[in-house]
Trainee: 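The structure follows.
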There are 2 protein chains.
Amino acid sequence: MSADREVTIYDIAKYLNVSAATVSRGLKNNPMISKSTRRKIEDTAQLLGYQSNTFASSLRSRQTNTLGVLVPRLNSHFMSSAIAGMEDAANRHGYNLIIAQSLEDVEKEKRNAATMFNKRVDGLLISLSSNTQTIRHLEPFFKKKIPVVFFDRIHQHDESTAVGINNYEAAYNITKHLISQGCTKIMHLGGNVLRNVYQERLNGYQQALRDHHLPVKEKWHLTSHLSEQAGTDAARYILDLPVNKRPDAVFSANDTAAVYCMLALKDAGLRIPEDIAFAGFNNDPISRVIAPNLTTVEYPGESLGHTAATHLINHLKGISNLYNTNAITLRADLVIRDSSLKNKLQE
Amino acid sequence: MSADREVTIYDIAKYLNVSAATVSRGLKNNPMISKSTRRKIEDTAQLLGYQSNTFASSLRSRQTNTLGVLVPRLNSHFMSSAIAGMEDAANRHGYNLIIAQSLEDVEKEKRNAATMFNKRVDGLLISLSSNTQTIRHLEPFFKKKIPVVFFDRIHQHDESTAVGINNYEAAYNITKHLISQGCTKIMHLGGNVLRNVYQERLNGYQQALRDHHLPVKEKWHLTSHLSEQAGTDAARYILDLPVNKRPDAVFSANDTAAVYCMLALKDAGLRIPEDIAFAGFNNDPISRVIAPNLTTVEYPGESLGHTAATHLINHLKGISNLYNTNAITLRADLVIRDSSLKNKLQE
DNA sequence: CTTATTTTCGCAATCGGTTGCGTAAATATC
DNA sequence: GATATTTACGCAACCGATTGCGAAAATAAG
C-alpha cells in the first residue's frame with residue numbers, strides 16, 4: 001500500500017512463483033507462454049494495479065513507439081488539422097506523438113531536432129521552418145536509420161519520403177482559372193521561395209501566364225510572410241498604383257493574405273470579382289466566411305497528416321519500405337467560389 | 001565508426017580515464033566536479049558525438065521532463081493556440097509535450113490517460129471531452145501525486161488547478177451588452193452543459209436576462225455541438241418561427257455557430273444587427289472576417305496554454321505549489337463589433 | 001516403455017545513466 | 001607541521017523490462 005513503490009513485473013512474478021521473464025513475455029502475449037499462465041499473469045497484473053514502465057522497456061528494446069513531430073507553427077488551421085490526422089493514425093497503431101514548433105526559426109528547429117533524437121523517437125515527421133537552408137541537423141537521424149518523413153514544406157532527400165501535393169499544378173490550374181475568367185493582370189502574393197511550396201506555387205503561376213502569352217512582371221510578385229498584415233499591406237500596394245495599372249486579379253499563396261487583402265480593398269470601394277478577382281490557397285475556414293467566398297485550393301491537412309504518419313508507421317512495422325518511396329502526392333482540387341467568378345452572369 | 005553502437009558516457013569515461021559517474025555529473029554541470037574536468041568531459045562528448053539517452057536517465061531518476069496534453073480536438077483555433085502556448089512554455093523550461101486527442105469520446109480519453117501515465121509524464125494538462133462524467137480515470141495521477149492541471153473544460157478537484165476564464169461573467173456581460181443595445185428577445189446557442197464552460201455561459205446569460213427583467217424562455221436556448229451545421233440549423237429554426245416571435249439577438253457559445261447562423265440568416269434577407277444582433281465567443285479568426293464583424297469574447301488561447309503549462313512546471317520545479325492554487329482566471333474582455341451595434345448611428 | 005519433439009519457462013546479462021556513500025587529494029586552521 | 005575541512009572523484013548498486021540460450025516438463029513417435 002505504500003504510495004511510492006512501483007508495481008513491477010517482479011511483483012507479479014513473485015506473486016505467481018514464476019520468473020520475471022515469463023511475466024514479461026506473458027504481458028506481451030508471447031506465444032511461448034501457455035494460455036493458462038498468460039491469463040494468470042494478466043489477472044495478477046490487474047489485481048496488483050501494474051502499470052508498465054515505458055522507459056525500462058524502451059531502454060532495453062530500443063524502440064519507443066513515439067514519433068516526433070516538428071512544425072513551424074502549431075496554430076494554423078492547416079497545421080493543426082495535419083497534426084490531428086497524425087495523432088489519429090498514430091493512436092490507431094499504438095504510437096504517441098511528441099510535438100514541437102520551430103516558430104520559423106532554424107536554430108529552434110535544430111534544438112528541437114536534437115531533443116527528439118535524444119528522446120529516441122522511432123521516426124520523425126517534419127515541416128521545415130521558413131529560413132532553413134540545409135538539413136544537416138537531421139543527419140543524426142539518417143545516420144542511425146531513423147526514418148524521416150517531410151510533409152508540406154519538403155526537402156528532397158534520398159532516404160526519406162516527402163508527403164504533399166502538387167503545388168505547381170494547383171497554382172498553374174488556379175491561375176489558368178483566373179485567366180479563363182478574363183483576367184490578364186494577375187498579381188501573386190507569395191511566400192519565401194526557400195520553401196518548395198512557395199517556389200512551386202510561384203512557378204505554376206508564372207508558367208500559366210507564359211502559356212497564355214501574358215507578361216510575367218516582377219512588380220506583380222510580392223513576397224511576404226502571408227500574414228494578415230501582409231494581406232493588408234498588399235491592398236495598400238495595389239491601391240497606391242495608378243488605377244489603370246492595377247491588377248485585375250490576385251492569386252495568394254494562402255487564404256489569410258488573400259482575405260485580408262480583400263477586406264481592405266472592399267473597404268476602399270473595389271468590387272470583387274468585378275474590379276479584381278481573388279484566389280487563395282489552403283481552403284482555410286475563413287475562405288468560406290469572407291464575402292464573396294474565396295476561390296482556393298483544397299489542401300487536405302488532416303488526410304495529409306494521416307498519410308504521412310501511416311506511411312512512417314508502416315515502414316517502422318516493416319509493412320512497407322520508406323526508402324523506396326520518394327514522394328506521396330495527395331489530390332488538391334480547386335475550389336471555385338464567387339471571388340473569381342466574373343463570368344457568372346453570362347454562364 | 002560502426003553505425004549501430006551508441007556513444008555512451010562510458011565511452012567518454014574511458015577516453016578520459018575517469019569514471020562514468022564523473023561523466024554523468026560533469027554533463028549535468030554538477031558543482032561536485034571541477035571546472036577543468038567538466039570542460040574536458042564536454043569537449044569529449046562533442047568530439048565523440050555523444051547524445052544522451054533520455055530513457056536510461058528517466059528510468060533511474062524517475063522523471064521524464066515530459067508533460068502530457070490531452071484535449072478533445074486538436075484542430076480548432078482556440079485549442080491549437082493553447083497548445084502553441086504550452087509548447088512555448090514547456091520548451092523554455094526544457095520540457096516536452098506528448099499530445100493526444102479524445103475526439104470528444106470518454107473511452108478514448110481514458111485510454112489516452114492510461115498511456116500518458118505509462119509514459120510517466122511528469123504532469124498532465126487536460127481539457128475534458130464533452131461527455132466525460134467522472135474523472136476516475138485520472139485517479140492514478142492523483143494517487144501518485146502527479147500534478148494535473150485542467151484548462152478550458154474544467155473539473156473541480158482538490159488536488160489540481162483549473163486554468164480558465166470567468167465564463168459566467170463574460171456571458172453575463174455580453175448579454176448585458178446586447179440588452180443595452182435594445183435587444184429583448186435574446187436567443188442562446190449553447191453547448192453540452194456537462195462541461196462547465198457551457199453551463200456557466202448559460203448561467204451568465206440567464207442571470208443577465210433576469211437582472212434586466214427579461215423572460216428566460218426555454219425555446220430560446222438551443223443545445224448543440226456548436227458546429228457549422230449547428231449554426232445553420234439554428235438559422236433554420238429562427239426562420240421557421242413566426243416573424244413576430246423571432247429573437248432580436250443571438251448569443252452563441254462559440255463563434256463558429258454564430259457565424260454560420262449569420263450567414264444563413266443573411267442569405268434569407270435578414271439584416272444584422274438591425275433585424276437580429278449577434279454575439280459569439282472565443283474571438284476566432286472568422287469573427288473578424290464575417291460581415292458585419294462579430295461581437296465576441298476574447299478567449300486568450302495562447303496565454304491560457306502558456307499559463308497552465310508554466311504553472312505546472314513551476315510546481316514540478318518546486319517554485320510554487322499547485323495544491324495551494326485552486327484556480328487561475330485569465331482576463332477575457334468583450335470585443336464589441338458591428339454585429340451587435342444597433343445604436344451605432346445614434347452614438 | 002524408450003527416444004525424439006515440442007512446449008513452456010528460467011537464468012542472467014543487458015540497455016545507459018544516476019546517486020548514496022566512502023575515500024584520497026587538496027586546501028585551510030591553529 | 002599536525003589536524004580539520006573542503007573538494008573531487010570512484011565504487012557499485014540500482015531503475016524495470018527484454019531476450020538469447022539452455023533446460024526441464026509435457027507430449028508425440030516408434
Side-chain angles (χ1 to χ4, degrees), chain A residues 2 4-42 44-45 48-66 94 115 117-122 140 144, chain B residues 2 4-42 44-45 48-66 94 115 117-120 122 144:
Chain A
S2 76
D4 27 0
R5 184 76 180 81
E6 299 226 6
V7 180
T8 72
I9 54 170
Y10 295 97
D11 298 322
I12 300 178
K14 200 172 297 172
Y15 188 93
L16 290 176
N17 272 319
V18 295
S19 74
T22 301
V23 175
S24 173
R25 293 189 175 107
L27 253 16
K28 290 175 57 194
N29 288 324
N30 187 319
M32 187 191 277
I33 307 300
S34 73
K35 202 83 181 168
S36 71
T37 46
R38 221 186 300 175
R39 258 201 71 76
K40 277 192 262 177
I41 289 170
E42 278 160 13
T44 312
L48 301 182
Y50 168 78
Q51 300 272 1
S52 81
N53 185 320
T54 322
F55 303 126
S57 169
S58 296
L59 176 57
R60 179 59 220 249
S61 65
R62 295 169 169 284
Q63 60 164 332
T64 61
N65 287 318
T66 299
T115 308
F117 187 85
N118 282 357
K119 292 246 172 183
R120 300 293 193 275
V121 294
D122 288 343
K144 219 180 146 202
Chain B
S2 75
D4 28 0
R5 185 77 179 79
E6 299 226 4
V7 180
T8 71
I9 54 170
Y10 293 97
D11 298 323
I12 300 178
K14 200 171 296 172
Y15 188 93
L16 291 176
N17 272 322
V18 295
S19 74
T22 301
V23 176
S24 173
R25 293 187 174 107
L27 252 15
K28 292 174 57 191
N29 289 323
N30 188 319
M32 188 192 275
I33 306 300
S34 75
K35 201 83 181 167
S36 70
T37 45
R38 221 185 301 175
R39 259 201 69 78
K40 277 192 263 178
I41 288 170
E42 278 159 14
T44 311
L48 301 182
Y50 169 78
Q51 300 271 3
S52 80
N53 185 320
T54 321
F55 304 127
S57 167
S58 295
L59 177 58
R60 179 62 220 248
S61 65
R62 295 171 168 286
Q63 59 165 335
T64 62
N65 287 317
T66 298
T115 308
F117 187 83
N118 281 358
K119 291 248 171 182
R120 301 293 194 276
D122 288 344
K144 217 180 148 201

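Note that the coordinates shown come from a computational prediction; the quantities given were computed from them, not determined experimentally. To find a chain, count down the sequence lines: A is the first, B the second, and so on, and within it residues start at 1.
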Trainee: With a 4.0 Å cut-off on heavy atoms, is A/S34 in touch with a base, just the backbone sugar-phosphate, or nothing at all?
Mentor: sugar-phosphate
Trainee: Measure from CD on A/Q63 to P on C/dG16 and round the result to the nearest Å.
Mentor: 15 Å
Trainee: Between A/L27 (CG) and C/dC9 (C1'), how many Å, whole number?
Mentor: 15 Å
Trainee: Heavy atoms only, 4.0 Å cut-off, all strands: where does B/I33 land among base, sugar-phosphate and nothing?
Mentor: sugar-phosphate
Trainee: Which nucleotide sits closest to the side chain of A/M32: D/dA12, C/dA12, C/dC9?
Mentor: C/dC9
Trainee: Taking the minimum atom-to-atom distance to the side chain of B/S57, which one of C/dC9, D/dG10, C/dT18 wins?
Mentor: C/dT18
Trainee: Whole angstroms only, please: what is the CG-P distance between B/N30 and C/dG17?
Mentor: 16 Å
Trainee: Verify the contact: side-chain N or O of A/K28 to OP1 or OP2 of D/dT19, cut-off strictly under 4.0 Å; return yes or no.
Mentor: yes
Trainee: Of the listed nucleotides (D/dC11, C/dG17, D/dT18), which one gets closest to any side-chain atom of A/S61?
Mentor: D/dT18
Trainee: What residue pairs, at least two apart or across chains, pass side-chain hydrogen bond (donor to acceptor under 3.5 Å, both in side chains) with a residue in residues 28-38 of chain B?
Mentor: B/S34-B/S36, B/S34-B/T37
Trainee: How many whole angstroms separate atom CZ of B/F55 from atom C1' of C/dT14?
Mentor: 16 Å
Trainee: Starting at OG1 of A/T54, measure out to CZ of B/R120 and round the result to the nearest 0.5 Å.
Mentor: 6.5 Å
Trainee: Quick one: the side chain of A/R25 and the base of D/dG20, do they pair up donor-acceptor inside 3.5 Å?
Mentor: yes
Trainee: Between B/T22 and B/A56, who's closer to the 5' end of DNA chain D by nearest nucleotide?
Mentor: B/T22
Trainee: How far does the helix from C/dT5-D/dA26 to C/dA26-D/dT5 bend, going by the axes of its first and last five pairs, to the nearest 10°?
Mentor: 50°
Trainee: Does A/R62 get its side chain close enough to the base of C/dC15, under 3.5 Å, for a donor-acceptor pair?
Mentor: no
Trainee: When you get a sec, tell me which of D/dG16, C/dT19, D/dG10 is the closest nucleotide to the side chain of B/R60?
Mentor: C/dT19
Trainee: Could you state the CD-P distance from B/Q51 to C/dG16, rounded to the nearest angstrom?
Mentor: 13 Å
Trainee: Can you tell me if B/T22 and B/S19 form a side-chain donor-acceptor pair at under 3.5 Å?
Mentor: yes
Trainee: If you draw the axis of the six-membered ring of B/F117, does the NZ or CZ of B/K144 fall within 45° of it and under 6.0 Å from the ring centre?
Mentor: yes
Trainee: Checking contacts here: which listed nucleotide (D/dT19, D/dG16, C/dG17) is nearest the side-chain heavy atoms of A/T8?
Mentor: D/dG16
Trainee: Verify side chain to side chain contact (heavy atoms under 4.5 Å, CB included) between B/T66 and A/K119, making sure each step is shown before the conclusion.
Mentor: CA-CA 10 Å; B/T66 298; A/K119 292 246 172 183; 2.6 Å; yes
Trainee: Rounded to the nearest 0.5 Å, what separation is found between the CG atom of B/N53 and the CG atom of B/L59?
Mentor: 10.0 Å
Trainee: How many whole angstroms separate atom CG of A/N17 from atom P of C/dC11?
Mentor: 11 Å
Trainee: How long is the line joining CD1 of A/I41 and P of D/dT18, in whole Å?
Mentor: 12 Å
Trainee: Which is it for A/T8 and A/D11 under the side chain to side chain contact (heavy atoms under 4.5 Å, CB included) test, yes or no, and what are the steps along the way?
Mentor: CA-CA 5 Å; A/T8 72; A/D11 298 322; 3.7 Å; yes
Trainee: Classify the nucleic acid contact of B/T37 as base, sugar-phosphate or nothing, counting any heavy atom under 4.0 Å across all strands shown.
Mentor: sugar-phosphate
Trainee: Looking for any heavy atom pair under 4.0 Å, which part of the strands does B/V23 touch: base, sugar-phosphate only, or nothing?
Mentor: nothing
Trainee: If you only use heavy atoms from C-beta on, which nucleotide in C/dG16, D/dA17, D/dC14 is closest to the side chain of B/N53?
Mentor: C/dG16
Trainee: Just checking, is any N or O donor in the side chain of A/D122 or A/T64 under 3.5 Å from an acceptor N or O on the other one?
Mentor: yes
Trainee: Select base, sugar-phosphate, or nothing to describe what A/Y10 touches, counting heavy atoms under 4.0 Å on all strands.
Mentor: base
Trainee: Rounding to an integer number of Å, can you tell me how far A/I12 CD1 sits from D/dT18 P?
Mentor: 11 Å
